[in-house]
Amino acid sequence: MFVRERMTPNPVTITKDTSVSDALRLMREKKVRRLPVLDGRGQLVGIVSDNDLLYASPSPVTSLSVWEIHELLYKLKVEKVMTKKVITVTEDTPMEEAALIMADNKIGGLPVMSGKKMVGIITETDVFKAFLALFGARRPGVRITVSTTGAKGTMARIASAILSVGGDIVGLGLSEPTPSDPRWQITFKVQDVPQDRLFDAIQPVVNEILDVRET
């Protein structure tokens with residue numbers, strides 16, 4: 001799965017001369033949490049998040065009047081509060097790499113570039129939706145989690161066992177070993193087979209069945 005499959009194309013953008021108050025209004029109207037900032041030539045020069053704008057706003061305990069606050073935020077331009085060193089990805093970046101970049105840099109969204117042109121944005125919400133799709137979370141079936149040694153051919157043996165009872169794998173997730181638990185955990189979402197038959201088919205080819213349920 002690649003970024004181009006999950007990104008939002010043609011995202012809402014602003015210019016660096018946009019006021020903080022207008023940027024906040026636009027975020028509320030469009031229901032977004034970050035806005036890429038473009039210059040007069042349409043080139044990406046920054047990005048601003050809702051937190052950036054809120055931190056730039058006066059404290060709720062300020063002595064300023066509502067009108068003074070509005071005027072202050074109207075005069076303050078996005079250029080003063082935006083992040084100028086923008087981390088980006090390309091359309092053919094794998095989704096897991098984009099998710100890793102977001103997690104490591106503690107950011108919630110990445111502009112997507114094609115050369116020097118911004119063609120979309122990928123956000124943490126898009127990553128969550130991709131996660132749901134990989135696990136088959138919106139598809140009915142039997143969800144079964146097993147532990148294995150991770151030996152070569154393990155996945156093939158489990159898949160063969162599922163196929164032998166007519167099961168169709170529609171979701172898959174893996175959890176890597178940790179120092180405290182050297183086993184692999186694998187979760188399958190399977191359709192077209194009853195829970196008890198799936199359990200009986202998989203049990204001989206795994207170390208342990210940790211959980212099984214209808215979803």
Side-chain angles (χ1 to χ4, degrees), residues 1-57 70 72-139 155 169-176 184 186-189:
M1 188 180 297
F2 297 95
V3 162
R4 62 174 173 269
E5 300 170 48
R6 292 287 171 175
M7 71 181 190
T8 299
N10 305 313
V12 181
T13 63
I14 54 176
T15 68
K16 59 185 180 180
D17 294 326
T18 302
S19 69
V20 167
S21 59
D22 283 344
L24 283 168
R25 175 183 52 78
L26 190 59
M27 283 186 182
R28 287 193 296 267
E29 289 178 356
K30 301 298 183 180
K31 297 180 180 179
V32 296
R33 296 185 58 191
R34 55 196 56 79
L35 295 167
V37 183
L38 307 181
D39 64 15
R41 298 175 298 170
Q43 300 296 304
L44 181 69
V45 293
I47 191 167
V48 66
S49 70
D50 52 357
N51 281 337
D52 295 329
L53 300 180
L54 292 173
Y55 287 146
S57 303
H70 178 75
L72 178 65
L73 294 180
Y74 187 77
K75 289 181 177 178
L76 181 61
K77 303 303 179 184
V78 164
E79 183 179 19
K80 299 295 185 182
V81 299
M82 71 183 187
T83 297
K84 296 180 180 179
K85 293 183 179 179
V86 186
I87 302 173
T88 65
V89 291
T90 62
E91 295 171 284
D92 59 356
T93 300
M95 278 296 296
E96 65 271 24
E97 185 178 331
L100 187 62
I101 291 171
M102 284 191 237
D104 287 349
N105 291 279
K106 297 181 174 59
I107 52 179
L110 298 165
V112 183
M113 308 299 290
S114 177
K116 294 184 178 181
K117 181 181 180 182
M118 187 183 68
V119 294
I121 190 167
I122 190 83
T123 69
E124 55 195 359
T125 300
D126 300 317
V127 173
F128 292 150
K129 289 179 179 178
F131 174 83
L132 292 174
L134 288 172
F135 271 89
R138 298 190 186 280
R139 306 182 69 172
M155 287 289 290
I169 300 172
V170 296
L172 175 65
L174 290 87
S175 177
E176 294 184 349
W184 285 82
I186 310 173
T187 297
F188 297 89
K189 172 66 75 64

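Being a predicted model, the structure only gives us computed values, none of them experimental.
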S.K.: Show the atom names and distances, to 0.1 Å, of all donor-acceptor pairs under 3.5 Å that link a side chain in residues 119-126 to residues at least two apart or in another chain.
M.R.:
residue, atom, partner, partner atom, Å
T123, OG1, T125, N, 3.3
T123, OG1, D126, N, 3.4
T123, OG1, D126, OD2, 3.2
E124, OE2, R33, NH1, 3.3
D126, OD2, T123, N, 2.9

S.K.: Measure the CG-CD distance between L76 and E79 for me, rounded to the nearest 0.5 Å.
M.R.: 10.5 Å

S.K.: Under a plain distance cut-off of 3.5 Å, with no hydrogens placed, do N51 and S49 share a side-chain donor-acceptor pair?
M.R.: no

S.K.: I'd like to know if the side chain of K16 and the backbone of L38 have a donor-acceptor N/O pair within less than 3.5 Å.
M.R.: no

S.K.: Out of L35, L24, V20, T18, which residue meets the side chain to side chain contact (heavy atoms under 4.5 Å, CB included) rule with V48?
M.R.: L35

S.K.: Not counting sequence neighbours, which residues clear side-chain contact (heavy atoms from CB on, under 4.5 Å) with T187? List them please.
M.R.: F135, R143, T145

S.K.: May I ask you to test the P9-R4 pair for a side-chain heavy-atom distance under 4.5 Å?
M.R.: no

S.K.: Working to the nearest 0.5 Å, report the span between CG of L53 and CE of M82.
M.R.: 12.0 Å

S.K.: How long is the span from the CZ atom in F2 to the CD atom in E96, to the nearest 0.5 Å?
M.R.: 8.0 Å

S.K.: Output yes when a side-chain donor or acceptor of K77 lies under 3.5 Å from a complementary backbone atom of S19, and no otherwise.
M.R.: no

S.K.: Just to verify, what does V86 make a side-chain contact (heavy atoms from CB on, under 4.5 Å) with, not counting sequence neighbours?
M.R.: L44, I47, T88, P111

S.K.: Look up atom CE in M155 and atom CH2 in W184, then write down how far apart they are to the nearest 0.5 Å.
M.R.: 10.0 Å

S.K.: Before you tell me yes or no, could you show the steps for T15 and D17 under side chain to side chain donor-acceptor pair (under 3.5 Å), namely the whole-Å CA-CA distance, both residues' side-chain angles and the distance that decides it to 0.1 Å?
M.R.: CA-CA 5 Å; T15 68; D17 294 326; 5.1 Å; no

S.K.: What distance separates L100 CG from M95 CE, expressed to the nearest 0.5 Å?
M.R.: 12.5 Å

S.K.: Any chance you could measure L134, atom CG, to K189, atom NZ, to the nearest 0.5 Å?
M.R.: 12.5 Å

S.K.: According to salt bridge (charged side-chain N to carboxylate O under 4.0 Å, His left out), does anything in residues 38-47 pair up with another residue at least two apart or in another chain? List the pairs.
M.R.: D39-R41

S.K.: What residues, two or more places apart in sequence or in another chain, satisfy side-chain contact (heavy atoms from CB on, under 4.5 Å) together with E29?
M.R.: R25, L26

S.K.: Tell me, please, which residues at least two apart from N105 pass side-chain contact (heavy atoms from CB on, under 4.5 Å).
M.R.: I87, I101, I107

